[in-house]
Amino acid sequence: MNAVRSFAAAVLGLGLWALPGCSVPRQMLAAPDDLSEYRAFRAAAHEGARLAAAQRYLEHHPRGAWADEVRLVFDAEEAAWFEAAKTSRSRAREYVVDLPTGPHSDAARALLVLFDEHQGDVETLTLLAEARRTAATLDIESARRRHVGELVLAEIAALLDPRAWGAPLDAPPAPLASVLRGEVPPTWGGATHARRQDALFFVLPTPQGSQARVLEVTLQLWLEHGRIAQGIIQGDDLFARWTEATLTRIVDPTSASDRELVRATVTDLVSGALEATLPADSCAVPPRDGELLARSCDGWTLSMRVGTAEGEMDAIDVRGPAR
């Protein structure tokens with residue numbers, strides 16, 4: 001009896017499948033791999049992964065149980081995915097990675113080439129901009145180092161102008177007025193001393209990194225009866241800093257060879273500035289203790305002295321002929 005009932009149920013079941021209007025779940029009709037790949041498509045959360053799963057399903061099951069549904073989704077979303085690929089290199093790369101054989105894969109690869117070329121242009125422009133900034137910085141620092149020597153030599157030149165000696169401070173000759181830059185009041189009354197100080201900043205490049213330097217240069221004018229009688233240019237480590245700025249190298253004050261380099265460098269610089277007014281052939285005199293250079297002739301005297309441990313600064317002392 002039980003066997004009969006089982007056979008009848010089976011026959012009835014077969015009959016129900018064949019009856020018109022009866023809905024049979026597609027899961028029951030689909031092949032196992034059809035169902036598993038459809039489930040992978042439905043479970044994909046990322047848009048690119050979903051499109052990849054949809055393409056894989058359609059390639060494996062062009063007449064599968066869910067082929068129409070998957071094709072509808074793929075056609076709509078793939079077009080939108082390619083439109084997004086046009087907006088950036090990363091989106092174009094995502095399209096190629098997710099759909100290497102997609103309908104627009106060749107176009108997406110072409111986009112990658114274009115984006116790479118554009119990136120190269122951007123990188124080139126960035127490098128050029130950085131190079132220009134670096135060059136501008138180097139130019140600025142080079143100008144600052146040059147300014148050290150230019151200022152000191154301009155002050156020497158102003159003190160070697162015969163018109164400066166015996167002139168009143170309220171009417172200095174042009175070279176002296178230029179280095180004073182309006183810092184001296186127009187009237188001095190009974191004053192006997194005028195002073196101009198400059199703080200010069202510069203940077204020295206080294207393999208270990210840049211080193212900042214500051215040099216304070218002071219120009220002092222001493223007056224007799226209200227008229228210029230003596231000029232002194234001085235500063236702490238004036239000669240060492242001037243050498244560093246000129247040679248663009250660090251000077252070690254504890255090194256005997258560096259100290260000799262400083263003496264030779266500044267002596268050469270100052271000697272060149274003196275030749276027009278105090279030529280070595282006719283005005284040079286033997287230096288005394290502490291002097292690097294001395295000149296004396298035609299009412300002029302000049303002494304260039306190295307600072308001492310007792311606090312005396314490096315100095316260039318000039319006295320001109322009385323007027």
Side-chain angles (χ1 to χ4, degrees), residues 147-198 200 215-236 238-239 241-243 246 262-308 312-323:
H147 183 56
V148 173
E150 291 170 349
L151 176 68
V152 177
L153 290 175
E155 292 182 343
I156 292 174
L159 295 181
L160 293 178
D161 183 352
R163 297 171 297 172
W165 303 102
L169 272 179
D170 56 359
L176 185 57
S178 177
V179 296
L180 293 174
R181 299 194 297 284
E183 291 293 320
V184 178
T187 57
W188 281 80
T192 60
H193 179 225
R195 185 172 183 269
R196 163 79 200 196
Q197 186 173 53
D198 289 280
L200 306 179
L215 168 63
E216 292 189 351
V217 181
T218 302
L219 170 63
Q220 298 191 78
L221 299 175
W222 295 92
L223 311 179
E224 292 179 359
H225 309 295
R227 295 179 178 271
I228 300 170
Q230 181 183 8
I232 301 176
I233 303 164
Q234 62 185 7
D236 285 326
L238 168 60
F239 299 151
R241 296 291 176 259
W242 189 4
T243 298
T246 300
V262 169
R263 295 187 184 97
T265 301
V266 296
T267 299
D268 184 62
L269 290 169
V270 174
S271 294
L274 299 180
E275 278 306 299
T277 306
L278 300 173
D281 290 345
S282 56
C283 299
V285 295
R288 294 172 294 181
D289 290 343
E291 285 186 324
L292 297 181
L293 184 70
R295 299 284 169 89
S296 178
C297 64
D298 302 327
W300 292 90
T301 60
L302 180 141
S303 174
M304 184 168 135
R305 302 186 303 274
V306 179
T308 64
E312 183 181 352
M313 300 181 184
D314 295 345
I316 303 170
D317 188 340
V318 181
R319 293 175 182 267
R323 292 174 57 184

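Source: prediction; values computed, not measured.
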What is the distance from atom CD1 of Ile233 to atom CG of Leu238, rounded to the nearest 0.5 Å? 8.0 Å

Least distance between heavy atoms, Gly231 atom then Leu221 atom: CA-CD2, 4.1 Å

Could you give the distance from CH2 (Trp242) to OG1 (Thr265), rounded to the nearest 0.5 Å? 10.0 Å

Grab the two heavy atoms, one from Leu269 and one from Leu153, that are nearest each other, plus how far apart they are. O-CD2, 4.1 Å

At what distance, to the nearest 0.5 angstrom, does CG of Leu292 lie from CG of Asp268? 12.5 Å

Run the salt-bridge test on Arg305 and Glu312 with the 4.0 Å N-O cut-off and return the result as yes or no. yes

Looking only at heavy atoms, the pair that brings Gly307 and Asp314 closest together is N-OD1, 2.6 Å

Minimum heavy-atom distance Leu159-Val318, with the two atoms named: O-CG1, 3.9 Å

For residues Leu180 and Arg196, report the shortest heavy-atom separation together with the two atoms involved. O-NH1, 3.6 Å

Salt-bridge test for Arg241 and Glu216: reply yes if a basic N is under 4.0 Å from a carboxylate O, no otherwise. no

Once rounded to the nearest 0.5 Å, what's the spacing between atom CZ of Arg163 and atom CG of Asp161? 4.0 Å

Steps toward side-chain contact (heavy atoms from CB on, under 4.5 Å) verdict (Phe239, Ile316): CA-CA 10 Å; Phe239 299 151; Ile316 303 170; 4.2 Å; yes

Exactly one candidate in Asp198, Thr243, Leu215, Val217 meets side chain to side chain contact (heavy atoms under 4.5 Å, CB included) with Val148; the answer is Leu215

Say you draw a straight line from CG of Leu200 to CG of Leu151; how long is it, rounded to the nearest 0.5 Å? 5.5 Å

Leu274 vs Leu293 side-chain heavy atoms within contact, under 4.5 Å: yes

Evaluate the side-chain contact (heavy atoms from CB on, under 4.5 Å) criterion for residues Val266 and Met304: first the C-alpha distance (whole Å), next the side-chain angles of each, then the deciding distance (0.1 Å), finally the verdict. CA-CA 10 Å; Val266 296; Met304 184 168 135; 3.5 Å; yes

In this structure, which one of Cys283, Ser296, Pro321 forms a side chain to side chain contact (heavy atoms under 4.5 Å, CB included) with Thr301? Ser296

Please confirm whether the backbone N or O of Arg227 pairs with a side-chain atom of Trp165, one donor and one acceptor, at under 3.5 Å? no

Leu176 and Ala164: which non-hydrogen atoms are nearest, and at how many Å? CD2-CB, 4.3 Å

Separation of Leu302 CG from Arg319 CZ (nearest 0.5 Å): 11.5 Å

